[in-house]
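We're numbering straight along the sequence, starting at 1.
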Amino acid sequence: MQRILYGALILLSLCSTITKTTEILSAPGLYIFGSDVVYDPTFDGDTIVQITSSNVILDLDNHSLSQLDTNTHIGTIGVIIDPDLSDITIRNGQIRFLPDGIGIQVGSGCSRISIENIDVNFVGGRGISFNGTALNPITNPSVINTQVASCASDATGDYGISFEFCNNGGVDHVTVISCGATANTFEAFHLADCTNFEFTECDIRNSKGAGFTGIRLINSTDNIIERTRAIENNSDTGACILFDLETGSNGNTFSECIAQSNITTSTIEIAGYSLSGVSAGALFNCIARSNTGSNTGSTVYGFKVVDSSTITMDECIASNNQQTALGNTYGIFWNNTNRSVLSNSIIDSNSADVECYGMLCDTCSDAQWRGNHFLYNIGASLSRGLKVVSSPNHVAIQNVAFSNGTTATEQIDGLTTLETADLDTASANLAAITYPWINIRAFN
């Protein structure tokens, strides 16, 4: 392994080197930077460091790569890794001040690429971009103990961290904070055609976009997102979706994730979790809390599941989500969602200026509710704890509903056939059961 101390060319200020030439790492080895590097690009899309060899460790040694502030070229890339390389680590430093640029870009066909202890700050485009292709995917990428901050503010600023056609990845203790701009649609984490990723202990905070997404999975399967938080983000004119599974993203699991205190000022929607066109999804111990739609006509969802099947939700919480300007709120919304289960969950204190449903199940079939609590869900014109519409072959067991409005119908509406021997009242007529409504077993 070779040790290269880079940065002793022209010392114009303390611990700073200004250079106009791309540093090319063309041989295996350990490269350690000896000072900050301020790059003076000679054309748009120039590169500060280019890695052209496998088996490279680039250690910035707590120094930074940045663009000269008087240089007007755009699209500078901090570090680029050429296609079809393997066993490369970038660690311990900062990449910053790149207008319309990219912090780190990884080419197709690479494997075992690791980014560790890197701060990407004030990069106008993407923070980090893994660019696999269908014919040449990236395998075993990892991003660890890394922060992307104040990025994606320029015209090209679409993603904080992007993975396309990547497999077997790990993202651990990564934060995207204060990124995006209301002029652009922004996604903190973007996964397209990815499989077998694990996200652990990640944070998405104080970021924004015209439309905003915390984590979006498109045609991505068998991934795990655990103990990840999306807090105090917002969208301006488009939807605000904190955890998003789109068509083809099957077999994914969310565990102990939190979507809290996010807001949209648009007329569209905000959703803590949105699953559309997927199957075999699971959410365990997930929370959607205190998310707000503040514009007339916007819709608020804690959990939104549409056109999907075999979805399992266990020990989840949808609470204090609210629409404050003439719109509807749904703690949980299922539409055309079949063979799915909601168990041991709490849907509590959601509110709306028009209609509020703790849960609405519309045009679904063959689903179960077991051991759930529907409490204090209040709409100005309509309140429901649980409402079932055009949805045959459901079973409800050991659920509790109270203080969703004041009448029995407002507690649970649409389960019309009960096993009277198992109820706490002799009446088989749901409308006649006084609230609180507590069932042992009901089905239709």
Side-chain angles (χ1 to χ4, degrees), residues 148 152 158-162 171 174-180 182 184-191 197 199-218 220 223-246 249 252-266 268-276 278 281-295 298-306 308 311 313 316-323 327 329-333 345 347 350:
V148 175
D158 50 2
Y159 310 133
I161 303 180
S162 171
V171 182
V174 176
T175 298
V176 176
I177 185 168
S178 301
C179 289
T182 55
N184 304 327
T185 296
F186 177 71
E187 300 174 21
F189 293 95
H190 171 86
L191 282 78
F197 267 71
F199 279 74
T200 306
E201 297 282 1
C202 294
D203 279 287
I204 305 155
R205 292 178 183 264
N206 301 111
S207 295
K208 60 188 176 182
F212 177 86
T213 305
I215 297 181
R216 173 165 287 154
L217 280 68
I218 302 170
S220 296
N223 303 289
I224 298 172
I225 298 93
E226 58 186 353
R227 297 187 300 281
T228 291
R229 297 156 292 273
I231 298 175
E232 294 187 337
N233 305 285
N234 70 84
S235 70
D236 182 35
T237 57
C240 182
I241 311 294
L242 287 313
F243 297 94
D244 188 19
L245 295 183
E246 297 195 357
S249 294
N252 294 290
T253 299
F254 293 101
S255 177
E256 299 181 60
C257 295
I258 299 173
Q260 179 172 306
S261 301
N262 303 283
I263 188 169
T264 183
T265 56
S266 79
I268 303 177
E269 68 179 65
I270 182 169
Y273 303 78
S274 177
L275 289 69
S276 178
V278 305
L283 299 96
F284 301 117
N285 300 98
C286 290
I287 296 173
R289 177 189 291 133
S290 301
N291 301 298
T292 301
S294 64
N295 202 337
S298 63
T299 304
V300 178
Y301 303 94
F303 299 82
K304 179 185 180 183
V305 186
V306 300
S308 299
I311 306 301
M313 297 176 59
C316 293
I317 297 173
S319 68
N320 297 96
N321 302 291
Q322 59 178 339
Q323 214 296 341
T329 295
Y330 304 85
I332 300 176
F333 177 74
S345 295
I347 302 90
N350 302 289

I'd like to know if the side chain of [X] reaches the main chain of [Y], judged simply by a donor and an acceptor atom lying under 3.5 Å from each other, with no hydrogens or angles considered.
X: Asn223; Y: Phe197; result: yes
X: Thr213; Y: Glu187; result: no
X: Asn252; Y: Ser220; result: yes
X: Ser308; Y: Val278; result: yes
X: Thr182; Y: Asp236; result: no

Are [X] and [Y] close enough that some pair of their side-chain heavy atoms sits under 4.5 Å apart?
X: Ile215; Y: Ile225; value: yes
X: Leu283; Y: Ile311; value: yes
X: Leu242; Y: Asn233; value: yes
X: Phe189; Y: Val174; value: yes
X: Lys304; Y: Thr299; value: no
X: Glu246; Y: Ser276; value: no
X: Ser274; Y: Tyr301; value: no

message = My understanding is that only residues two or more places apart in sequence, or in another chain, count here; which of them pass side chain to side chain contact (heavy atoms under 4.5 Å, CB included) with Arg205?
response = Ile177, Asp203, Arg229, Ile231

ask   = Taking only residues two or more places apart in sequence, or in another chain, which ones meet Glu226 in a side chain to side chain contact (heavy atoms under 4.5 Å, CB included)?
value = Glu198, Thr200, Ile224, Ser255

How close do [X] and [Y] get, counting heavy atoms only, and between which atoms?
X: Ser235; Y: Ala210; result: CB-O, 3.7 Å
X: Asn350; Y: Ala318; result: ND2-O, 3.1 Å
X: Ala188; Y: Ile204; result: CB-CG2, 3.6 Å
X: Gly180; Y: Phe186; result: CA-CG, 3.9 Å

Would you compute the distance between atom [atom1] of [X] and atom [atom2] of [Y] and round it to the nearest 0.5 angstrom?
X: Arg227; Y: Glu201; atom1: CZ; atom2: CD; answer: 5.0 Å
X: Ile263; Y: Asn234; atom1: CD1; atom2: CG; answer: 7.0 Å
X: Asn291; Y: Gln260; atom1: CG; atom2: CD; answer: 8.0 Å
X: Leu191; Y: Arg216; atom1: CG; atom2: CZ; answer: 11.5 Å
X: Met313; Y: Ile332; atom1: CE; atom2: CD1; answer: 4.0 Å
X: Asn206; Y: Ser261; atom1: CG; atom2: OG; answer: 10.5 Å

request  = Compute whether any side-chain donor of one residue and acceptor of the other, for Gln323 and Ser298, lie under 3.5 angstrom apart.
outcome  = yes

query = Regarding Ser266 and Thr264, is there a side-chain donor-to-acceptor distance under 3.5 Å anywhere?
reply = yes

task = Using the six-membered ring wherever Trp is involved, compare the ring planes of His190 and Tyr159 and label them parallel, tilted or perpendicular (cut-offs 30° and 60°).
result = parallel

query = Looking at Tyr330, Tyr273, Phe333, which hits ring pair (Phe, Tyr, Trp, His ring centres under 6.0 Å) with Phe303?
reply = Tyr273

key: Full working for side-chain contact (heavy atoms from CB on, under 4.5 Å) between Glu269 and Ile241   = CA-CA 8 Å; Glu269 68 179 65; Ile241 311 294; 3.4 Å; yes

